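Here's the structure, in structure tokens; my notes come after.
Proteins come first, then strands; the chains are lettered A, B, ... in the order of their sequence lines, and each starts at number 1. Quick caveat, the model's predicted, so the values are computed rather than measured.
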Amino acid sequence: MDVYTITVLANIALFSFLAISAWLLLLVGEISFGQQAYFAIGAYTGGVSTAVLQLPFGIALLMAIAAGGLFAGLVAIPAMRLSGLHFSIASLAFAELVRSVLNVFQYQRWVDGYLTGPDGVNGFRDIRWIYDAGIDPGTYFLMILGCLSVVMLGVVMASYGRGMTIVRSVGENRRLAAAQGMNATRVRIITASVAGAIAALGGTLYAHMATYIEPAQFGLMIGVHSLAYGLIGGMGTVFGPLLGVLIDIGALETLRIFSGYRMIFFGGLVALVLIMRPRGILDEATVAKVQRWLRG
Amino acid sequence: MLEIRDLRTSYGKIAALKGVALDIKDGGLTCLLGPNGAGKTTLIWTLAAILKAQSGSIRMDGEELIGAKPHQIVSKGIVTVPENRLVFPEMSVTDNLFAGAFSRRADKIAVAQDLEEVLQRFPRLRERANQDAGTLSGGEQQMLAVARALMARPKILLLDEPSTGLAPIIVEEIFEIIGALRDEGRTIFLVEQNANMALEYADDFYLLEQGLVTFGGKPGDVDHDELIQRAYLGTRKAS
Amino acid sequence: MVDFIQNTLDGIALGSAYALLALGFTLIFGVMGRLNIAYGPCIMIGVFAGAGVYSDLTQSIVMIFVATLAGTILASAYVERVSFAAIRADAALASMVSTFAVWMQLEEIVAHLFPARTYAFKELGHLSLIEAGPFFLRQESLFMLLVTLAVLLGLALVLGRSHFGLELRALTDSRRAAIISGINVRRIIFLTFLLAAMIGGVAGFMIAMSDGQVTPKFGLWATMKGLVAMVIGGLASLRGAVLGGMLLGIIEAQAQWYFGASVREILVYAILFAALILLPRGILGGPHTVWRS
Ligand SMILES: Nc1ncnc2c1ncn2[C@@H]1O[C@H](COP(=O)(O)OP(=O)(O)O)[C@@H](O)[C@H]1O
Ligand SMILES: [Mg+2]
């Protein structure tokens with residue numbers, strides 16, 4: 001595979017983390033415009049871990065996951081008391097808060113003759129771990145794919161167990177779920193925390209591929225895109241957000257006929273899907289039908 | 001005259017009206033009795049076009065009304081006083097009354113006259129004219145809801161359980177107003193669980209049970225006790 | 001103290017622009033119970049239309065104003081049709097996401113039609129200061145204040161005196177009661193969009209005039225400011241929107257003076273986040289203005 005193809009595929013995989021993260025919150029009935037905040041937190045945590053603190057890559061991944069989960073949980077504790085519109089705006093406010101803090105966040109050190117570390121609006125250069133370790137793009141893509149598979153496997157396993165049923169029933173009707181003895185608030189907070197951790201994992205993988213990150217990369221539009229992926233792909237299965245990413249990045253960005261007009265097409269597509277199928281292409285009813293058909 | 005034939009309405013897969021047929025005659029009070037969950041409110045909302053009928057027909061003087069929008073129904077003179085006293089809580093009593101005349105906005109002078117007339121009929125509303133409707137008592141809100149409906153100059157007035165949740169003395173007052181409206185020759189369709197009171201004023205009545213009209217007639221036609229039993233409990237006396 | 005008062009004066013002027021943006025959001029939210037996130041980008045279309053007329057056609061301030069207004073209204077009408085009228089009644093959040101989708105489209109349309117990104121807008125003229133003792137008011141501040149006051153007065157008249165105003169208030173107060181009173185809900189919603197677009201167009205025009213230029217960042221900027229002001233004021237309260245806008249303007253002016261621009265940004269989002277959690281109904285939101293999802 002040539003480098004261009006690998007880059008596109010890697011982008012699809014990286015965006016999928018963010019899309020799955022936003023999709024998980026959709027399942028508990030909340031629209032988050034702010035999952036890019038945890039993507040950014042993961043990117044910065046991971047980048048600082050390897051580039052500045054010179055920690056091993058595996059530790060960096062764990063630290064990013066922990067930071068994403070922790071922040072998302074801390075935000076969710078007050079925010080999950082809100083609902084609907086309030087939660088959406090709170091998520092947006094938090095994401096912009098993170099971005100404006102990163103705009104002034106500085107933590108630079110000399111490492112091996114390079115000055116590296118976050119430098120406010122000027123960004124964070126030389127996150128060079130994959131180059132220092134001699135990992136070629138193809139191998140790194142496989143690593144990303146491995147992480148993504150683990151995440152998706154986790155979600156699929158949860159769908160076969162009790163976990164996803166609980167999450168979905170809380171999303172359907174919080175009060176009814178609570179009346180049946182589920183701790184709806186705890187389910188929502190845990191889901192938000194897991195979603196934050198998944199986004200952060202994607203973020204740190206992204207930072208190491210890009211080697212350069214800056215706060216402006218984690219703007220509102222990224223968050224909205226990842227949300228839109230789940231909504232057009234469908235709420236019924238974890239392959240929904242993936243389908244969304246494939247449609248946008250896989251098809252629209254790579255097909256040259258849309259060059260320069262991608263947003264007009266993608267925006268129109270999202271608007272159209274929301275009109276015709278408010279719960280996405282692979283919605284719950286469709287997924288149930290397919291499952292019945294598979295069982296024969 | 002409103003002719004309802006084979007009217008069916010459902011909530012998703014649950015059928016609430018299963019082919020209702022009844023007539024609302026001009027210049028009289030037609031009363032619909034029935035136990036809780038019989039579909040009375042569903043019928044009112046269907047007549048008001050808030051709920052969509054699945055099939056059947058609603059004809060007013062021969063003209064089909066199925067398919068019309070809620071505001072078109074109001075313009076045709078079918079005006080609803082819904083259950084639970086739906087008022088505009090954060091608007092003044094006067095504005096609530098003006099809101100009743102949405103369908104006749106061109107007619108400024110007539111609307112002002114009607115406002116005066118309505119306030120005469122409901123002196124308590126005049127006392128509270130500048131108060132927000134949300135601050136009124138339950139009985140006053142019910143009167144406001146009726147008064148607002150009158151502002152539309154209704155040809156047919158649909159009332160959904162106006163007495164529910166009100167103190168007995170207020171219920172008397174409300175029924176007196178309904179009786180007065182009937183005596184003026186207005187066409188009224190009254191949905192009630194309070195069968196005793198309703199039958200005192202009704203010209204015709206129907207009994208709705210589980211989405212079907214099971215009985216219709218004049219108040220004198222049946223054994224009063226059995227009717228009331230069925231209206232409340234929806235069960236036939238073993239006979 | 002002198003600084004503080006001076007900042008407050010500047011803040012009120014800035015806040016009046018925010019107040020208008022918040023009013024537009026609130027009007028639409030009031031009748032729909034839904035949020036039009038693309039409100040800022042619609043105004044962006046308007047100011048770019050104004051800038052286009054200014055650079056290619058005429059210097060006439062009236063024509064530029066008309067173009068700004070027309071652009072905003074056209075874009076708003078498109079949003080209303082695609083993201084609100086066409087979306088099922090039980091899918092309120094789908095509407096909000098759809099407005100984001102339309103936003104993407106509007107941004108790209110501007111990027112194609114205005115490739116140079118930054119365009120000049122008709123300026124207000126010479127900037128003389130109006131002084132009073134140690135305090136001064138910039139001319140553009142006074143201009144913004146006066147325009148805002150005029151809009152508020154006009155809006156109060158429309159809402160309080162006109163038939164449409166009564167219908168709008170009724171629909172905002174209780175959708176169900178409005179429907180059974182015979183309001184043509186779709187018509188009022190469409191008209192409310194037009195009203196909000198007109199207010200937004202005026203706000204955009206006056207902001208672009210005092211900046212002397214327009215950039216594609218305007219859409220995001222206007223949406224965020226309007227949204228924050230609206231939330232501070234309490235989601236569905238018009239008075240709250242005006243107050244929230246003023247408050248936001250004053251906070252920003254103080255923070256900018258004492259701490260600089262980057263801290264100002266942080267502070268604004270921190271306040272928005274804290275306000276949502278501590279005062280979910282805003283400073284003036286009443287018991288009826290709670291959002292139900
Ligand atoms: N919004 C709704 N969704 C589903 N079922 C409903 C709804 N409203 C009423 N029903 C059902 O329809 C039937 C008729 O209800 P309703 O018209 O309110 O009866 P009534 O007014 O005579 O008490 C009942 O069985 C009720 O459970
Ligand atoms: Mg009822």
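Closest approach of A:Ala271 and C:Ala101 over heavy atoms only: N-CB, 4.1 Å. The minimum heavy-atom distance linking A:Ala79 with C:Ile277 is given by the pair N-CD1, 4.4 Å.
Counting heavy-atom pairs closer than 4.5 Å to chain C, the top-ranked of the candidates A:Val98, A:Val104, A:Leu97 is A:Leu97. Comparing C:Val263, C:Val102, C:Ile271, C:Val97 by heavy-atom pairs within less than 4.5 Å of chain A, the highest count is held by C:Val97. Per-residue heavy-atom pair counts under 4.5 Å with chain A were compared for C:Ile266, C:Ile87, C:Leu272, and the maximum is reached by C:Ile266. Note: A:Ile275 leads A:Ile275, A:Val270, A:Asn103 in heavy-atom pairs under 4.5 Å with chain C.
A donor-acceptor pair under 3.5 Å is absent between the side-chain atoms of C:Gln105 and the main chain of A:Gly267, judged by distance alone.
Taking the side chain as every heavy atom from C-beta outward, C:Glu108 and A:Phe265 never approach each other to under 4.5 Å. A 4.5 Å side-chain heavy-atom check between C:Met104 and A:Met221 finds at least one atom pair inside the cut-off.
With a 4.5 Å cut-off on non-hydrogen atoms, A:Leu272 does not touch chain C at all. Contacts of C:Ile109 with chain A are made by both backbone and side-chain atoms, with heavy-atom separations under 4.5 Å. Heavy atoms closer than 4.5 Å to chain C are found in the side chain of A:Leu227, but not in its backbone. For A:Val101, the parts lying under 4.5 angstrom from a heavy atom of chain C are both the backbone and the side chain. Looking at A:Ile89, both its backbone and its side chain come within 4.5 Å of chain C, counting heavy atoms on both sides. Proximity to chain C (any heavy atom under 4.5 Å) is shown, for A:Leu269, by neither the backbone nor the side chain.
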*Apply side chain to side chain contact (heavy atoms under 4.5 Å, CB included) to the pair A:Met263 and C:Glu107, showing each step before the final yes or no.*
CA-CA 8 Å; A:Met263 285 307 130; C:Glu107 288 224 330; over 6 Å; no

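In this structure, C:Tyr119 places its OH atom where more than 12 heavy-atom neighbours from other residues, nucleotides or ligands lie under 6.0 Å away. Counting heavy-atom neighbours within 6.0 Å of C:Trp257 CH2, excluding the residue itself, gives a total of 12 or less.
In this structure, CG on A:Leu231 lies 10.5 Å from OG on C:Ser98, to the nearest 0.5 angstrom. Between atom CG of residue A:Leu274 and atom CZ of residue C:Phe100 there is a gap of 12.5 Å, rounded to the nearest 0.5 Å. Residue C:Ile37 holds its CD1 atom at 5.0 Å from CZ of A:Phe33, rounded to the nearest 0.5 Å.
Aromatic pair A:Phe94/C:Tyr269: centroids not less than 6.0 angstrom apart. Aromatic rings of A:Tyr261 and C:His112 (six-membered ring for Trp) have centroids within the 6.0 Å cut-off, being under it.
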